[in-house]
Amino acid sequence: MTADLRFAPATGIGSLPGGDAREAARTATGSFEDFPFLAELPARGPGADMIGRTAGMLVELYARVEPSGWRIGDRPGRDTKRARSWLGEDLDALEEFTQGYEGQLKVQAVGPWTLAATLELRNGEVALSDPGACRDLAASLAEGLRLHLEEVRRRIPGAQIVLQLDEPSLIGVLRGQVRSASGYRTHRAVDRQVVEAGLRDVVGVHAGGPVVVHSCAPDVPFALLRRAGAAAVSFDFSLLTERDDDAIGEAVEGGARLFAGVVPGTDTALSDPAGSVMGVRTLWRRLGLHPGLLAEAVTVTPSCGLAGASPEYARKALAHCAQAARSLADNPE
């Protein structure tokens, strides 16, 4: 992705509270006139959660809910059908509220490594335990995402689609921290080059369009994500430490963009918008980066999804992101 790529100043992560697709679409589009997103409503139950939603997109692989979680099966069952039905309902609502829209639009799906660390095989172990299963899962996901992106383009032809891959388990995969079914051991760490290649294959499905990788865990592997083709990295700003400075500086200078999660994802008292991005300005000064680059390189978001927030707080948090982004643009220093 070219270094002159620019994202709109603020957007959401993906999930919102409640179960009303039209209300969620109204919130996601009304909060960000130039960067709305396809809302996810996990409170509706299995199939609306992030894993079930993405499992419903898979091609020639199907998943069903077991007591232990989502498990790959032989044929589409009611859980797959429910996931696809809810996604269709969400797309219907988004289409209704984006008539004539032209601009950036973000859609989200779980990335290949978090999916592999969560979806179980028939033996009860997660797909991560089997390199062949990981490859099959990534290929199925890539094809499913290709079809999903085509559907979004058909419904909202003026949209410039941004694909977000959610990878909360990525660090655990890299460090060998994903637990086995018994819970008594962990699965072996996956080689970084294998992880990078798997991500690159899925990122590449959005040919010509930007991909953001979101991880709300500490120690986000900025360099690995950039090499895999991510145009931007989305992260919880509160988890950064000065150990991340070099990687962030190199990412920005290399043309990557930062989706800085500075607004808490659950109900809390919010500071003034300028205060919410004070840490971003401090980071910029510490890195010695030009203040004028700040608004171009940073998109303000909540720290993670808002599914656990109250509806009122979720609306306030999204509005706060937009206000904080304006503060950053007006006063970069």
- Query: Do Leu287 and Val252 come within less than 4.5 Å of each other through their side chains, counting heavy atoms only?
  - Reply: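 Leu287 vs Val252: side chains apart.
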
- Query: Is there side-chain contact between Phe235 and Leu258, with at least one heavy-atom pair below 4.5 Å?
  - Reply: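 Result yes, sub-4.5 Å side-chain heavy-atom pair found.
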
- Item | Residue from Val59, Thr54, Val202 passing side chain to side chain contact (heavy atoms under 4.5 Å, CB included) with Leu145 |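 Between Leu145 and the candidates, side chain to side chain contact (heavy atoms under 4.5 Å, CB included) is satisfied uniquely by Val202.
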
Donor-acceptor under 3.5 Å ([X] side chain, [Y] main chain):
| X | Y | result |
| --- | --- | --- |
| Ser15 | Leu41 | no |
| Thr11 | Phe35 | yes |
| Arg281 | Asn331 | yes |
| Arg84 | Gly56 | yes |

- Query: Can you name the side-chain hydrogen bond (donor to acceptor under 3.5 Å, both in side chains) partners of Arg75, sequence neighbours left out?
  - Reply: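 For Arg75, no residue satisfies side-chain hydrogen bond (donor to acceptor under 3.5 Å, both in side chains) once neighbours in sequence are set aside.
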
- Taking only residues two or more places apart in sequence or in another chain, which ones pass side-chain hydrogen bond (donor to acceptor under 3.5 Å, both in side chains) with Ser182?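 Counting only residues at least two positions away or on another chain, Ser182 forms a side-chain hydrogen bond (donor to acceptor under 3.5 Å, both in side chains) with Ser180.
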
Side-chain donor-acceptor contacts of residues 126-137 below 3.5 Å, not counting sequence neighbours, with atom names and distances?
{"from": "Ser129", "atom 1": "OG", "to": "Val126", "atom 2": "O", "distance (Å)": "2.7"}
{"from": "Asp130", "atom 1": "OD1", "to": "Gly132", "atom 2": "N", "distance (Å)": "2.9"}
{"from": "Asp130", "atom 1": "OD1", "to": "Ala133", "atom 2": "N", "distance (Å)": "3.2"}

- Would you call Arg192-Glu196 a salt bridge at under 4.0 Å N-O?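 No salt bridge links Arg192 with Glu196.
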
- Message: Can you tell whether the side chains of Glu150 and Arg154 come within less than 4.0 Å, N to carboxylate O?
- Response: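 Here Glu150 does not pair with Arg154 in a salt bridge, since their nearest N and O are not under 4.0 Å apart.
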
Sequence neighbours excluded and cut-off under 3.5 Å, please list the side-chain donor-acceptor pairs for residues 156-170, or say none.
{"from": "Gln164", "atom 1": "OE1", "to": "Lys106", "atom 2": "NZ", "distance (Å)": "2.7"}
{"from": "Gln164", "atom 1": "NE2", "to": "Ile13", "atom 2": "O", "distance (Å)": "3.1"}
{"from": "Gln164", "atom 1": "NE2", "to": "Asp166", "atom 2": "OD1", "distance (Å)": "2.7"}
{"from": "Glu167", "atom 1": "OE1", "to": "Thr114", "atom 2": "N", "distance (Å)": "2.7"}
{"from": "Glu167", "atom 1": "OE1", "to": "Thr114", "atom 2": "OG1", "distance (Å)": "2.6"}
{"from": "Glu167", "atom 1": "OE2", "to": "Trp113", "atom 2": "N", "distance (Å)": "3.0"}

- Query: Which class fits the ring pair Phe37 and Phe32: parallel under 30°, tilted 30 to 60°, perpendicular over 60°?
  - Reply: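 The rings of Phe37 and Phe32 sit tilted, inter-plane angle from 30° to 60°.
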
- Task: Could you list all the side-chain hydrogen bond (donor to acceptor under 3.5 Å, both in side chains) pairs where at least one residue sits in residues 291-307, not counting sequence neighbours?
- Result: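 As it turns out, there is no side-chain hydrogen bond (donor to acceptor under 3.5 Å, both in side chains) pair with a partner in residues 291-307 once direct neighbours are skipped.
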
- Query: Can you name the one residue among Arg153, His148, Arg155 that meets side chain to side chain donor-acceptor pair (under 3.5 Å) with Glu151?
  - Reply: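 For Glu151, the side chain to side chain donor-acceptor pair (under 3.5 Å) test succeeds with only one of Arg153, His148, Arg155, which is Arg155.
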
- Task: Just grab all the salt bridge (charged side-chain N to carboxylate O under 4.0 Å, His left out) pairs involving residues 12-30, residues at least two apart or on different chains.
- Result: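 Applying salt bridge (charged side-chain N to carboxylate O under 4.0 Å, His left out) to every pair that reaches into residues 12-30, excluding sequence neighbours, yields Arg22-Glu96, Glu23-Arg26.
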
